[in-house]
Participant: 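Below is a structure I'd like to ask you about.
As a basis for the values below, the full set of heavy atoms in this structure was taken, side chains included, without hydrogen atoms, waters or symmetry mates.
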Amino acid sequence: MIDREGTCFPSKTYTSMVLEPAYNEAKQHFIDSMVEIHYAHLIMLVEEGLVEKEEAKKIAKAVSGLKIEEIKTGNYNPQFEDLFFQVEHDLIEDAGDIAGNLHIARSRNDMGIAIYRMTLRKKILTLLEKALTLREALIELSDEHKHTIMIGYTHTQQAQPTTLAHYFNAMTDMLTRDIKRLRAAYETVNRSSMGAAALTTSGFAVNRERVKELLGFEGMIDNAWDAVAGADYIAETATAVQLSALNLGRSIQDFLLWGTQEFGAFILSAPYVQISSIMPQKRNPVSIEHMRALLSSVAGDCQTVLLMLHNTPFGDIVDTEDDMQPYIWKSMETLGGVYELLSSVLLTMEVDKENLLKRAKESFANVTELADTMVRADGLSFRQAHHVVSATVKELMKNGNKSLEALTLDLLNVQSKLIVGKPSTLTKEELLECLSPEYFVQIRTLQGGPSPTRLEKTIKVRLAEQTDLSNWLIDKQDQLRVSKENVTTIIKEWNIVDE
């Protein structure tokens with residue numbers, strides 16, 4: 001066993017199982033943030049008089065000389081435990097032992113957490129950008145389908161007439177809450193751990209606030225122990241991403257049903273369907289099928305993050321750091337891809353408006369309005385009107401009628417006389433009107449209702465919200481860009497980086 005595994009750290013199996021995969025992730029995701037931290041920490045050390053300016057210039061020149069692309073494409077070298085030690089070795093090789101002062105009042109603990117947070121905040125902003133793309137598409141679809149009458153379902157059964165716009169608007173509002181949860185997660189993530197060092201800060205008089213500012217963090221984790229041990233920033237992000245996937249998955253399930261020939265709500269555009277190898281007529285909705293599966297994988301990867309955190313000691317430990325990160329990254333990348341794909345699928349599908357309207361006209365789903373109308377016209381309590389209409393529908397169904405076309409005023413009055421002792425005062429014309437799905441939708445003008453006039457107002461509000469959400473995203477992106485540019489400007493003023 002010793003011959004196979006080696007006699008010193010790291011063993012071959014540990015290398016292949018843990019260190020090499022972690023290195024491969026780090027070199028792709030962490031190297032840029034690591035360089036930013038090197039510069040920011042060095043600037044602060046100079047400003048606080050902890051490192052001489054000339055020495056700092058030598059260190060900065062070595063940092064600028066790091067062969068980043070070679071690192072990103074290079075292989076793991078067991079001589080170095082991880083990316084940090086490899087980079088530190090390269091800096092000392094270039095600048096001499098003085099480069100070791102870059103680690104004054106700093107640990108891999110606080111530095112590692114800062115790198116994780118810097119990486120995660122960028123990925124959150126990328127995901128939010130894609131979520132806003134879907135939200136914009138849903139608003140567009142809401143506007144397009146204000147007059148597309150369809151039946152709404154509760155308990156998987158026909159409930160009441162509404163519009164496809166009403167459904168898309170509901171999706172918009174749920175997605176908005178997902179976006180707000182991701183924004184909240186961003187606020188938690190975007191806090192600096194730098195200066196916490198290993199666990200207890202440092203005896204050196206460093207300026208934690210200055211490093212926070214240079215790295216574009218909006219807040220600082222006050223307690224040093226919490227800074228290196230608190231992994232809930234990842235868990236909060238995972239929870240927000242997981243719920244976003246679960247929320248969207250419910251609509252994906254609806255779309256799979258609505259795309260069947262039996263339901264006939266829409267036909268997917270050709271780029272999003274596949275044929276069968278044996279059945280010539282098939283148009284398989286594989287794009288939606290894959291989205292359903294991928295959203296489940298998002299939920300699973302996020303659950304993995306939460307379970308990896310479960311029952312771990314409240315201290316700096318690698319199983320809440322290196323091993324956990326790839327799962328949250330993958331879940332966010334997948335969710336963002338689904339947002340983009342779904343936007344394209346929905347914007348290019350062909351909705352069968354006539355079929356949806358026909359089904360709504362024939363359905364008993366319209367009779368809620370008949371009961372409401374009898375309350376207004378006949379002075380009945382709603383429960384009385386409900387009994388009359390329910391009995392009428394049951395009588396029709398008992399006689400084999402499955403369409404509203406068979407609901408006549410005479411049949412309604414038979415039940416009205418039996419239940420409340422008098423016929424309805426409705427005319428035939430009034431009966432037909434209140435059984436119309438178009439009328440049903442039209443008069444539901446209350447806030448949150450499906451009437452076209454109400455949805456026009458709602459869409460204006462959602463568009464204004466879209467602008468606000470987009471501006472928030474732009475503002476955060478600008479903050480990170482400006483802080484990075486400020487660091488670059490300072491380093492350039494030291495005359496060690498080519499213009």
Participant: Take a 6.0 Å sphere around CH2 of Trp472 and say whether it holds more than 12 heavy atoms from other residues, nucleotides or ligands.
Facilitator: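 Counting neighbours around CH2 of Trp472, more than 12 heavy atoms of other residues, nucleotides or ligands fall under 6.0 Å, so yes.
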Participant: Is any side-chain heavy atom of Tyr14 less than 4.5 Å from a side-chain heavy atom of Phe9?
Facilitator: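 With C-beta onward as the side chain, the pair touches.
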Participant: Which distance, rounded to the nearest 0.5 Å, do you find between the CH2 of Trp329 and the CG of Leu127?
Facilitator: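 It is 15.5 Å, given to the nearest 0.5 Å.
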Participant: Let me see the working for Glu47 and Lys53 under salt bridge (charged side-chain N to carboxylate O under 4.0 Å, His left out), right down to the final yes or no.
Facilitator: CA-CA 9 Å; Glu47 291 176 348; Lys53 181 71 169 288; over 6 Å; no
Participant: With a 6.0 Å cut-off (strictly less than), is the heavy-atom count around CG of Asp468, excluding the residue itself, greater than 12?
Facilitator: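 Yes, the 6.0 Å shell around CG holds more than 12 heavy atoms from other groups.
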Participant: In the structure I gave you, are the side-chain heavy atoms of Arg283 and Ile267 within less than 4.5 Å of one another anywhere?
Facilitator: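 With C-beta onward as the side chain, the pair touches.
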Participant: Checking side-chain polar atoms at under 3.5 Å, does Lys353 have a donor or acceptor matched by the opposite partner on His147?
Facilitator: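 The criterion, which ignores hydrogens and geometry beyond distance, is not satisfied for His147 and Lys353.
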Participant: Should we say atom NZ of Lys457 is surrounded by more than 12 heavy atoms from elsewhere, each under 6.0 Å from it?
Facilitator: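 No, because the 6.0 Å sphere around NZ of Lys457 holds 12 heavy atoms or fewer from other groups.
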Participant: Using 0.5 Å steps for rounding, measure from the CG atom of Asn486 to the OH atom of Tyr39.
Facilitator: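 Interatomic distance, Asn486 CG to Tyr39 OH, rounded to 0.5 Å: 15.0 Å.
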Participant: Please determine, by modelled atom types, if Asp322 and Tyr116 share a side-chain donor-acceptor pair under 3.5 angstrom.
Facilitator: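 Their side chains do contain a donor-acceptor pair, which is all the 3.5 Å distance test asks for.
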Participant: CG of Leu295 to NE2 of His290: how many Å apart, nearest 0.5 Å?
Facilitator: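 The NE2 atom of His290 is 13.0 Å from CG of Leu295, to the nearest 0.5 Å.
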Participant: Examine the side chains of Gln447 and Arg454 and answer whether a donor and an acceptor come within less than 3.5 Å of each other.
Facilitator: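 On atom types as modelled, these side chains do not qualify, holding no pair under 3.5 Å.
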Participant: Just verifying a value: how many Å separate Gln477 CD and Thr126 OG1, rounded to the nearest 0.5 Å?
Facilitator: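 Taking CD in Gln477 and OG1 in Thr126, the distance rounds to 7.5 Å.
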Participant: Got a donor-acceptor contact below 3.5 angstrom from the Thr260 side chain to the Leu256 backbone?
Facilitator: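 No; zero donor-acceptor contacts below 3.5 Å.
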Participant: Test side chain to side chain contact (heavy atoms under 4.5 Å, CB included) on Leu128 and Lys476; report intermediate values, then the result.
Facilitator: CA-CA 11 Å; Leu128 282 168; Lys476 299 305 178 185; over 6 Å; no
Participant: Given 3.5 Å as the limit, does a donor-acceptor pair link the side chain of His310 with the main chain of Val305, or not?
Facilitator: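 No, His310 side chain to Val305 backbone: no donor-acceptor pair under 3.5 Å.
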Participant: I'd like to know if Asp82 pairs up with Arg108 as an ion pair, taking the criterion as any Lys NZ or Arg NE/NH1/NH2 lying under 4.0 Å from an Asp or Glu carboxylate oxygen.
Facilitator: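 Yes, charged N to carboxylate O under 4.0 Å.
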Participant: Output yes when a side-chain donor or acceptor of Glu5 lies under 3.5 Å from a complementary backbone atom of Thr13, and no otherwise.
Facilitator: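 Between the backbone of Thr13 and the side chain of Glu5 there is a qualifying donor-acceptor contact (under 3.5 Å).
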Participant: Give a yes or no on whether a salt bridge exists between Glu36 and Lys122, defined as a side-chain N under 4.0 angstrom from a carboxylate O.
Facilitator: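 Between Lys122 and Glu36 there is a salt bridge, with a charged N closer than 4.0 Å to a carboxylate O.
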Participant: Side-chain contact test, heavy atoms from C-beta onward, threshold under 4.5 Å: evaluate it for Asn101 versus Leu45 and give yes or no.
Facilitator: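 No, too far: nothing below the 4.5 Å cut-off.
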Participant: Just verifying a value: how many Å separate Leu347 CG and Leu141 CG, rounded to the nearest 0.5 Å?
Facilitator: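 Taking CG in Leu347 and CG in Leu141, the distance rounds to 5.0 Å.
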Participant: Would you mind reporting whether Asp90 and Lys67 have side-chain heavy atoms less than 4.5 Å apart?
Facilitator: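 Lys67 vs Asp90: side chains apart.
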Participant: Heavy atoms, side chains only, cut-off 4.5 Å: are Lys123 and Met332 in contact?
Facilitator: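 Lys123 reaches Met332 side chain to side chain.
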Participant: Within 45° of the six-membered ring axis of Tyr186 and under 6.0 Å from that ring's centre, is NZ or CZ of Arg121 located there?
Facilitator: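 Pair Arg121/Tyr186 does not count as cation-pi.
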Participant: Taking the six-membered ring for Trp, are Trp258 and Tyr167 closer than 6.0 Å centroid to centroid?
Facilitator: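 Ring-ring flag for Trp258/Tyr167: true, centres closer than 6.0 Å.
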Participant: Within the side chain of Arg292, is there an N or O that forms a donor-acceptor pair under 3.5 Å with the backbone of Ser287?
Facilitator: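 Flag not set: sc Arg292 to bb Ser287 has no pair under 3.5 Å.
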Participant: Give a yes or no on whether Phe314 atom CZ has more than 12 heavy-atom contacts from other residues, nucleotides or ligands under 6.0 Å away.
Facilitator: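 Counting neighbours around CZ of Phe314, more than 12 heavy atoms of other residues, nucleotides or ligands fall under 6.0 Å, so yes.
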Participant: Would you say Tyr76 and Gln86 are linked by a side-chain donor-acceptor pair, where the criterion is simply a distance under 3.5 Å?
Facilitator: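 Judged by distance alone, the side chains do not pair up.
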Participant: Between Ser33 and Phe30, is there a donor-acceptor pair closer than 3.5 Å when you use the side chain of the first and the backbone of the second?
Facilitator: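 No, because the side chain of Ser33 does not come within donor-acceptor range (under 3.5 Å) of the backbone of Phe30.
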Participant: Do the side chains of Glu236 and Glu187 get nearer than 4.5 Å, heavy atoms only?
Facilitator: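 No, side chains not in contact.
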Participant: Between Thr237 (side chain) and Tyr233 (backbone), is there a donor-acceptor pair under 3.5 Å?
Facilitator: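 Yes; at least one donor-acceptor contact below 3.5 Å.
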Participant: Show every salt bridge (charged side-chain N to carboxylate O under 4.0 Å, His left out) that has at least one partner inside residues 15-27, sequence neighbours left out.
Facilitator: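 Passing the test, one end in residues 15-27: no pairs.
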Participant: Check whether more than 12 heavy atoms from other residues, nucleotides or ligands sit under 6.0 Å from atom CD of Glu485, and answer yes or no.
Facilitator: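 Yes, the 6.0 Å shell around CD holds more than 12 heavy atoms from other groups.
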Participant: Is there a donor-acceptor contact under 3.5 Å linking the side chains of Ser483 and Glu213?
Facilitator: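 Result is no, nothing qualifies.
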Participant: Can you list every pair that meets salt bridge (charged side-chain N to carboxylate O under 4.0 Å, His left out) and has a residue in residues 135-144, with sequence neighbours left out?
Facilitator: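 Only Arg135-Glu465, Asp143-Lys146 qualify under salt bridge (charged side-chain N to carboxylate O under 4.0 Å, His left out).
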Participant: Using a cut-off of 6.0 Å, state whether more than 12 heavy atoms not belonging to Arg481 lie near its atom CZ.
Facilitator: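 Result for CZ/Arg481: enclosed.
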Participant: Any Lys/Arg nitrogen of Lys212 or Glu209 sitting under 4.0 Å from an Asp/Glu carboxylate oxygen of the other?
Facilitator: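 Yes, this pair counts.
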Participant: Taking Lys72 first and then Asp32, would you say they form a salt bridge - that is, a charged N and a carboxylate O separated by under 4.0 Å?
Facilitator: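 So Lys72 pairs with Asp32 through a salt bridge.
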Participant: Give a yes or no on whether the backbone of Arg210 and the side-chain of Asn207 come within a donor-acceptor separation of less than 3.5 Å.
Facilitator: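 Yes: the side chain of Asn207 pairs with the backbone of Arg210.
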Participant: Which is it for Leu469 and Arg183 under the side chain to side chain contact (heavy atoms under 4.5 Å, CB included) test, yes or no, and what are the steps along the way?
Facilitator: CA-CA 10 Å; Leu469 292 169; Arg183 280 177 38 166; 3.2 Å; yes
Participant: Is the number of heavy atoms from other residues, nucleotides or ligands under 6.0 Å of Lys57 NZ greater than 12?
Facilitator: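 Yes - once you tally the heavy atoms of other residues, nucleotides and ligands closer than 6.0 Å, there are more than 12.
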Participant: Gly100 and Ile92: which non-hydrogen atoms are nearest, and at how many Å?
Facilitator: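 Looking at all heavy atoms of both residues, the closest pair is N-CG1, 4.3 Å.
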Participant: Quick check: are there more than 12 heavy atoms from other residues, nucleotides or ligands sitting under 6.0 Å from OH of Tyr327?
Facilitator: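 No, OH of Tyr327 has 12 or fewer neighbouring heavy atoms, counting only those of other groups under 6.0 Å.
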Participant: Carefully, step by step, assess Leu309 and Thr312 under the rule side chain to side chain contact (heavy atoms under 4.5 Å, CB included).
Facilitator: CA-CA 6 Å; Leu309 178 62; Thr312 55; 3.9 Å; yes
Participant: Kindly give the heavy-atom pair with the smallest separation between Val441 and Pro450, and that separation in Å.
Facilitator: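 For Val441 and Pro450, the tightest heavy-atom pair comes out as CG1-O, 3.5 Å.
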Participant: When you check the side-chain N and O atoms of Glu218 and Asn190, is any donor under 3.5 Å from an acceptor?
Facilitator: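 Result is yes, a qualifying pair exists.
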Participant: Do Ser451 and Thr453 have side-chain atoms, one donor and one acceptor, less than 3.5 Å apart?
Facilitator: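 Note: Ser451 and Thr453 side chains meet the donor-acceptor criterion.
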Participant: Can you give me every donor-acceptor pair (side chain of residues 333-346, partner residue at least two apart or in another chain, under 3.5 Å) with its distance?
Facilitator:
residue: Thr334; atom: OG1; partner: Lys330; partner atom: O; Å: 2.9
residue: Ser343; atom: OG; partner: Tyr339; partner atom: O; Å: 2.8
residue: Ser344; atom: OG; partner: Glu340; partner atom: O; Å: 3.3

Participant: Is there side-chain contact between Thr488 and Ile491, with heavy atoms separated by less than 4.5 Å?
Facilitator: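 Not in contact.
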Participant: Pair Asn109, Leu199 - check side chain to side chain contact (heavy atoms under 4.5 Å, CB included), show working.
Facilitator: CA-CA 8 Å; Asn109 294 358; Leu199 188 70; 5.7 Å; no
Participant: Distance from Ile113 atom CD1 to Arg191 atom CZ, nearest 0.5 Å?
Facilitator: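 Going from the CD1 atom of Ile113 to the CZ atom of Arg191 covers 12.5 Å.
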Participant: For Gly195, is there any backbone N or O sitting under 3.5 Å from a side-chain donor or acceptor partner on Asp110?
Facilitator: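 Yes, Asp110 side chain to Gly195 backbone: donor-acceptor pair under 3.5 Å.
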Participant: Could you label the plane-to-plane angle of the His103 and Phe84 rings as parallel, tilted or perpendicular, counting under 30° as parallel and over 60° as perpendicular?
Facilitator: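 His103 vs Phe84 ring planes: tilted.
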Participant: Hey, are the side chains of Ile328 and Asp301 touching, using non-hydrogen atoms and a 4.5 Å cut-off?
Facilitator: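 With C-beta onward as the side chain, the pair stays apart.
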